Amino acid sequence: MNRRIFIQKSAVAVAAGSLIPHLTMADDMQKIKSLGVALFTVPKALSADFEGTLKVISEIGYKELEFFGPYTFSDEATKEGWKMAANALGFSGSGYFGKTPKEVKEILNRYGLSAPSIHVDLPTLRNNMEGVAEAAHVVGHKYVGIAMIPDDMRKSLDDYKKTAEIFNQVGESAKKNGLTFFYHNHGYGHKAVDGVVPFQMILDNTDADLVKMQMDVFWFTAAGIDPIKYLKENPKRFPLLHVKDMREKKTFPGDGGNMGEWMGLFPYLADAGDGVLDLSGILCEAKKSGAKHFLLEKDLTPDHVNALQKSFDYLSALNLKC
């Protein structure tokens with residue numbers, strides 16, 4: 001072998017060798033492939049132009065949606081209570097915003113979207129799971145859950161214990177109807193009562209196959225809880241995440257058990273990447289824990305297009321070394 005060929009081959013070998021660590025590292029890096037939007041981010045826009053808003057969400061790059069109730073099949077008392085709340089918050093619609101499940105599915109297909117999960121009130125899930133399932137199977141929902149436990153079901157440890165029993169029953173009913181039940185925690189139930197943490201009581205007293213959890217990283221942080229710790233200690237229990245960021249670290253002044261405390265922290269919501277939360281670490285641990293759906297939520301954001309775009313740009317560019 002002459003000297004020139006030897007040098008060329010040696011240079012190629014060195015270059016290839018230097019690339020191996022980088023290739024290995026690149027293989028370890030993961031991106032979130034299907035980012036979603038929890039639609040309570042954009043209720044006013046949906047009320048004004050349902051299809052146009054979904055089109056914008058799709059054009060930004062999001063692939064999944066999570067609807068919030070009530071719906072035509074929802075409990076009547078829930079519908080009446082929601083009217084007052086929605087009017088106070090400045091929008092008129094919810095659920096499928098006047099569309100039938102079939103019409104919603106057609107719109108989703110038109111824009112390359114899916115809706116794996118919905119929030120439904122607990123009375124509806126207890127009393128009309130068949131109605132929920134009928135719509136879910138048309139639209140394509142797989143997960144049906146509640147955004148919060150009603151106030152009168154979380155006043156004591158006994159209440160929480162009974163709630164866990166109800167969750168198991170609802171989970172069994174959902175499973176029979178081809179669905180999975182989940183509970184979204186707003187941040188209450190994390191302070192110990194007589195040495196017992198109510199949220200942990202629910203985890204310990206519900207069937208892991210029947211009752212899943214949706215972690216809202218903002219509200220867990222507001223409760224003074226480390227999201228990464230919960231994900232590590234409860235693998236496969238959190239298949240869905242609400243992804244939010246926080247302008248500065250804030251916790252509830254009380255136990256986080258009422259709307260006033262939640263609304264008081266809304267000013268600290270930030271676009272993903274503009275806050276102080278370790279979203280990269282949280283999302284990485286969530287993927288290791290078995291999370292499948294990552295839904296951006298910035299409740300009632302006034303400039304929804306800008307917020308959705310900025311958050312998508314940040315989250316879609318994340319390289320998670322998991």
Side-chain angles (χ1 to χ4, degrees), residues 38-40 43 66-89 94-95 117-133 136 143-174 179-194 196-207 210-216 218-220 222-223 225 240 242 252 254-266 297 299-300:
L39 291 179
F40 197 66
E66 180 178 80
F67 286 86
F68 64 92
Y71 310 81
T72 55
F73 52 77
S74 291
D75 176 78
E76 291 301 322
T78 300
K79 291 180 187 176
E80 288 302 312
W82 181 256
K83 285 180 184 177
M84 293 185 288
N87 287 336
L89 294 171
S94 70
S117 59
I118 55 170
H119 281 186
V120 189
D121 60 283
L122 188 57
T124 297
L125 292 174
R126 294 184 72 183
N127 302 317
N128 189 24
M129 184 65 77
E130 292 77 12
V132 175
Y143 295 87
V144 295
I146 62 170
M148 66 190 76
I149 300 172
D151 292 354
D152 60 356
M153 292 177 62
R154 49 184 170 88
K155 293 185 179 298
S156 68
L157 286 178
D158 281 342
D159 288 339
Y160 275 102
K161 188 173 182 179
K162 291 174 184 174
T163 294
E165 294 171 1
I166 290 170
F167 279 8
N168 281 325
Q169 293 165 8
V170 173
E172 181 65 38
S173 175
L179 301 169
T180 300
F181 170 66
F182 69 89
Y183 165 48
H184 169 285
N185 175 256
H186 260 84
Y188 50 80
H190 285 292
K191 293 188 182 299
V193 179
D194 296 332
V196 177
V197 177
F199 184 75
Q200 189 63 49
M201 174 188 281
I202 290 177
L203 279 171
D204 294 341
N205 288 277
T206 51
D207 186 323
L210 299 177
V211 180
K212 301 299 184 181
M213 303 288 164
Q214 182 176 63
M215 175 179 285
D216 186 307
F218 184 94
W219 297 124
F220 264 62
I225 303 302
L240 309 110
H242 274 185
F252 294 120
D255 65 358
N258 62 74
M259 183 70 76
E261 289 195 66
W262 305 337
M263 297 293 287
L265 290 191
F266 274 16
E297 185 175 52
D299 307 65
L300 302 168

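Since we're looking at a predicted model, the values are computed, not measured.
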| For Tyr183 and Asn185, does a side-chain donor sit closer than 3.5 Å to a side-chain acceptor? | yes
| said: Once rounded to the nearest 0.5 Å, what's the spacing between atom CD1 of Ile166 and atom CZ of Phe181? | reply: 9.5 Å
| query | Is a donor on one side and an acceptor on the other found under 3.5 Å between the side chain of Glu261 and the backbone of Gly254? | reply | yes
| By side-chain hydrogen bond (donor to acceptor under 3.5 Å, both in side chains), which residues pair with Asp121, not counting sequence neighbours? | Thr78, Thr124
| said: Could you check whether His119 and His184, counting side-chain N and O atoms only, form a donor-acceptor pair closer than 3.5 Å? | reply: no
| request: Measure the spacing between CG of Leu125 and OG of Ser74 and express it to the nearest 0.5 Å. | output: 8.5 Å
| query | Counting distance only, does the side-chain N/O of Lys191 pair as donor-acceptor with the main-chain N or O of Ala223 below 3.5 Å? | reply | no
| message | My understanding is that only residues two or more places apart in sequence, or in another chain, count here; which of them pass ring pair (Phe, Tyr, Trp, His ring centres under 6.0 Å) with Phe199? | response | His190, Phe220, Tyr230
| Test ring pair (Phe, Tyr, Trp, His ring centres under 6.0 Å) applied to Tyr71 - qualifying residues, sequence neighbours left out | Phe73, Tyr96
| query | Ignoring hydrogens and geometry, is there a side-chain-to-backbone donor-acceptor pair from Thr163 to Asp159 under 3.5 Å? | reply | yes
| message | If we ignore hydrogens and angles and just use 3.5 Å, is the side chain of Arg154 paired with the main-chain N or O of Gly257 as donor and acceptor? | response | yes
| task | Without swapping roles, check the side chain of Ser117 against the backbone of Glu66 for a donor-acceptor pair under 3.5 Å. | result | no
| Is there a donor-acceptor contact under 3.5 Å linking the side chains of Asn168 and Glu172? | no
| request: Just say parallel, tilted or perpendicular for the rings of Trp219 and Trp262, cut-offs at 30° and 60°. | output: tilted
| query | Going through the checks in order, is the side chain to side chain contact (heavy atoms under 4.5 Å, CB included) test met by Ile149 and Tyr160? | reply | CA-CA 9 Å; Ile149 300 172; Tyr160 275 102; 4.1 Å; yes
| task | Give a yes or no on whether a salt bridge exists between Glu80 and Lys83, defined as a side-chain N under 4.0 angstrom from a carboxylate O. | result | yes
| field | Ser94 OG to Leu39 CG distance, which is reported to the nearest 0.5 Å | value | 11.5 Å
| Straight-line distance of Leu157 CG to Lys162 NZ, nearest 0.5 Å | 12.0 Å
